[in-house]
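Input: a single structure, listed below in structure tokens.
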Number of protein chains: 2
Amino acid sequence: MPSTDRRLQPRRKPRQVRAELTRDRVLTAAAHVFAEHGYASGTTNRIAERARISIGSLYQYFPNKDAILAELLVRHIDRGTWTQAEQLDLSPGSLEATVRALVGDAIANHRDDPQLLRIMIEEAPVSQELLDTIARHERKRVDQVRDLLARHPDVHIQDLDPAAELIVFTVETNTHKLMAYPRTTPVETFENELVAMVTRYLRGDQ
Amino acid sequence: MPSTDRRLQPRRKPRQVRAELTRDRVLTAAAHVFAEHGYASGTTNRIAERARISIGSLYQYFPNKDAILAELLVRHIDRGTWTQAEQLDLSPGSLEATVRALVGDAIANHRDDPQLLRIMIEEAPVSQELLDTIARHERKRVDQVRDLLARHPDVHIQDLDPAAELIVFTVETNTHKLMAYPRTTPVETFENELVAMVTRYLRGDQ
DNA sequence: CACTATTGTGAGTAATAGCTCAGCTGTTTG
DNA sequence: CAAACAGCTGAGCTATTACTCACAATAGTG
């Protein structure tokens with residue numbers, strides 16, 4: 001627990017292939033361990049054990065525990081693609097189809113490991129740097145969605161900025177809940193309702 | 001860190017007034033400390049210090065650290081009132097007014113200490129018991145909203161159950177975000193958009 | 001006032017977990 | 001092949017922190 005002087009850089013950068021491999025082993029192991037035990041109980045020793053490397057090696061490439069989770073988060077963010085939405089950006093369809101694409105992308109981006117994502121979002125230590133990264137990413141996403149809405153003829157909203165923000169957040173968290181927690185009712189039902197809600201909202205008054 | 005055999009009961013129940021007072025001091029102190037430092041860094045010693053009592057006294061009335069936060073959460077839940085919505089339950093108005101009442105209540109319930117709530121929701125140790133309490137509470141709330149919707153003539157939704165669940169969750173989290181994180185744009189704007197979204201959704205197709 | 005029950009105290013304990021470092025094993029290079 | 005470099009090891013150091021307990025102080029009671 002001693003977060004002494006908060007080293008920010010790892011003491012070593014991988015130069016050989018095996019080192020790169022070790023680094024990856026740590027990350028995959030960490031993803032599993034965090035998802036299974038949560039952040040607090042996902043100890044660095046446990047991660048090293050799971051990665052089948054020694055605790056010392058772990059600290060060669062990560063300055064501290066927080067950095068591991070931070071990198072996992074950044075990777076998740078970078079990996080996030082919005083393929084369906086981009087498709088529509090080129091050849092737009094009905095408003096409902098557009099919204100459905102947005103929701104579909106969100107769900108696709110959470111398919112991998114919803115548990116881990118829950119941990120990352122709910123238990124991640126919030127360094128200012130990480131917060132900034134997330135905020136920047138969200139801003140970009142909001143802009144993207146706003147532009148998409150701006151170009152669609154069926155959208156009847158005065159101020160698109162808060163609308164886009166509302167939609168991105170609502171879709172994100174609902175998807176998140178949908179995936180992370182087990183449901184009795186089928187996922188499609190909720191997906192449909194979510195799509196309906198957003199679509200009707202965008203279609204405007206009445 | 002040694003959560004040995006997880007004692008569930010405190011070793012003592014308050015019998016004199018001063019004891020009750022001490023207990024309350026702990027809770028208020030804990031609320032402040034958790035809100036300020038987060039759960040993990042909100043140590044029991046810090047809480048005791050802030051409450052101006054000794055660490056020993058703290059452990060007279062709470063079996064462990066988790067129990068303190070659990071009680072704070074339970075108190076928050078119990079305190080949560082839905083006055084505006086109840087009002088409308090008796091004499092319903094327009095659909096928009098009804099939705100606005102729901103949102104208004106949600107915001108009112110988060111006025112006190114949004115930071116603390118964030119901590120409680122995001123960093124709380126999730127004991128099964130606590131999870132059950134929360135789930136039970138949410139279930140009750142969803143049922144309440146579903147009944148409210150069922151009685152309103154302007155609601156055009158086939159399956160009210162997922163709709164109520166979607167609305168409760170969406171309103172809750174959006175409110176939550178609205179209150180916990182500082183905004184540049186005025187709160188009312190988002191409130192209006194949220195109300196609009198839910199209203200149009202409920203009004204049904206087209 | 002004496003006796004008991006209740007409440008308060010805080011130095012100290014035990015366990016935990018992040019992290020280091022001295023030395024070893026592999027890999028590359030001239 | 002040998003020197004230099006890169007990577008790996010894991011026992012153990014250090015700091016932290018939830019929690020205990022023997023004792024002191026205060027309140028209640030007859």
Side-chain angles (χ1 to χ4, degrees), chain A residues 1-27 29-30 33-34 37-71 123-125 127, chain B residues 1-27 29-30 33-34 37-71 123-125 127:
Chain A
M1 252 134 232
S3 51
T4 42
D5 49 344
R6 223 87 274 264
R7 187 206 297 263
L8 285 177
Q9 295 298 317
R11 72 202 62 200
R12 225 179 252 176
K13 288 220 160 149
R15 289 168 203 284
Q16 303 178 6
V17 214
R18 64 172 166 158
E20 202 76 61
L21 240 124
T22 310
R23 230 189 93 93
D24 285 347
R25 292 176 70 81
V26 171
L27 285 172
V33 170
F34 286 150
H37 300 279
Y39 183 69
S41 300
T43 71
T44 48
N45 284 291
R46 239 196 273 257
I47 293 171
E49 191 181 6
R50 163 125 205 176
R52 311 277 207 111
I53 53 141
S54 90
I55 179 68
S57 293
L58 187 153
Y59 279 97
Q60 299 284 353
Y61 306 108
F62 296 94
N64 52 56
K65 184 181 169 179
D66 292 4
I68 301 176
L69 196 126
E71 171 127 1
E123 299 183 18
S127 74
Chain B
M1 245 135 240
S3 50
T4 43
D5 49 344
R6 222 88 273 265
R7 186 207 297 265
L8 285 176
Q9 295 297 317
R11 73 201 62 200
R12 232 177 244 178
K13 287 223 161 145
R15 290 168 202 283
Q16 302 177 7
V17 214
R18 66 173 165 156
E20 203 75 63
L21 239 124
T22 310
R23 231 189 94 93
D24 285 348
R25 292 176 71 82
V26 171
L27 285 171
V33 170
F34 286 149
H37 300 290
Y39 184 69
S41 300
T43 70
T44 48
N45 284 292
R46 238 196 273 257
I47 294 171
E49 191 182 6
R50 163 124 203 177
R52 311 277 206 109
I53 53 140
S54 89
I55 181 66
S57 293
L58 187 153
Y59 279 97
Q60 298 285 353
Y61 306 110
F62 297 94
N64 52 57
K65 184 181 168 179
D66 291 5
I68 301 176
L69 196 126
E71 171 126 2
E123 299 184 18
S127 73

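So that the names make sense, note that chain A is the first sequence line, chain B the second, and so on, each numbered from 1. Predicted model only: the values in this text are computed from it and were never measured.
- In this structure, CD1 of A/Ile53 is placed 11 Å from C1' of D/dG7, rounded to the nearest angstrom.
- With rounding to whole Å, B/Arg46 atom CZ is found 17 Å from D/dC19 atom C1'.
- Contact of A/Arg12 with D/dG7 (side chain to base): a donor-acceptor pair of N or O atoms is detected under 3.5 Å.
- Contact check on A/Glu20 versus A/Arg25 returns no salt bridge, with no Lys/Arg side-chain nitrogen under 4.0 Å from an Asp/Glu carboxylate oxygen.
- Taking 4.0 angstrom as the limit, B/Tyr59 places none of its side-chain polar atoms (N or O) nearer than this to OP1 or OP2 of C/dT9.
- Within the structure, a side-chain polar atom (N or O) of A/Thr44 is placed less than 4.0 Å from OP1 or OP2 of C/dG18.
- One can place CD1 of A/Ile55 at 18 Å from C1' of C/dC24, the figure rounded to the nearest angstrom.
- Listed by chain and residue number, B/Arg11, B/Thr44, B/Ile55 satisfy the side-chain contact (heavy atoms from CB on, under 4.5 Å) test with B/Tyr59 (two or more places apart in sequence, or in another chain).
- Annotation for A/Ile68 and A/Ala30: closest pair CG2-CB, 3.5 Å, computed over non-hydrogen atoms.
- In terms of modelled atom types and a separation under 3.5 Å, the side chain of A/Thr22 and the main chain of A/Arg18 share a donor-acceptor contact.
- Rounded to whole Å, the distance from CZ on B/Phe62 to C1' on C/dG8 is 15 Å.
- Here the C1' atom of nucleotide D/dA4 and the CD atom of A/Gln16 are 12 Å apart, to the nearest Å.
- A residue-by-residue look at B/Arg18 and B/Gly56 shows that B/Gly56 has its nearest nucleotide of DNA chain D further toward the 5' end.
- Look at CZ on A/Arg52: it is 16 Å from C1' on D/dT9, rounded to the nearest Å.
- Put simply, CD1 on A/Ile68 is 9 Å from P on C/dC19, counting in whole angstrom units.
- Here B/Thr22 reaches the OP1 or OP2 of C/dG8: one of its side-chain N or O atoms lies under 4.0 Å away.
- The distance between atom CD of B/Glu20 and atom P of D/dA27, rounded to the nearest whole Å, is 16 Å.
- OP1 and OP2 of C/dT7 both lie 4.0 Å or more from every side-chain N or O belonging to B/Ser57.
- Of the listed nucleotides (C/dG18, D/dG7, C/dT7), C/dG18 has the atom at the smallest distance from the side chain of A/Lys65.
- Closest contact between the side chain of B/Asn45 and the listed nucleotides D/dC19, C/dT7, D/dG10 involves D/dC19.
- The ring-ring contact (aromatic ring centres under 6.0 Å, His included) check on B/Tyr39 picks up B/Phe34, with sequence neighbours excluded.
- Remark on DNA chain D: of its neighbouring residues B/Gln60 and A/Leu58, the 5'-side contact belongs to A/Leu58, judged by nearest-heavy-atom nucleotide.
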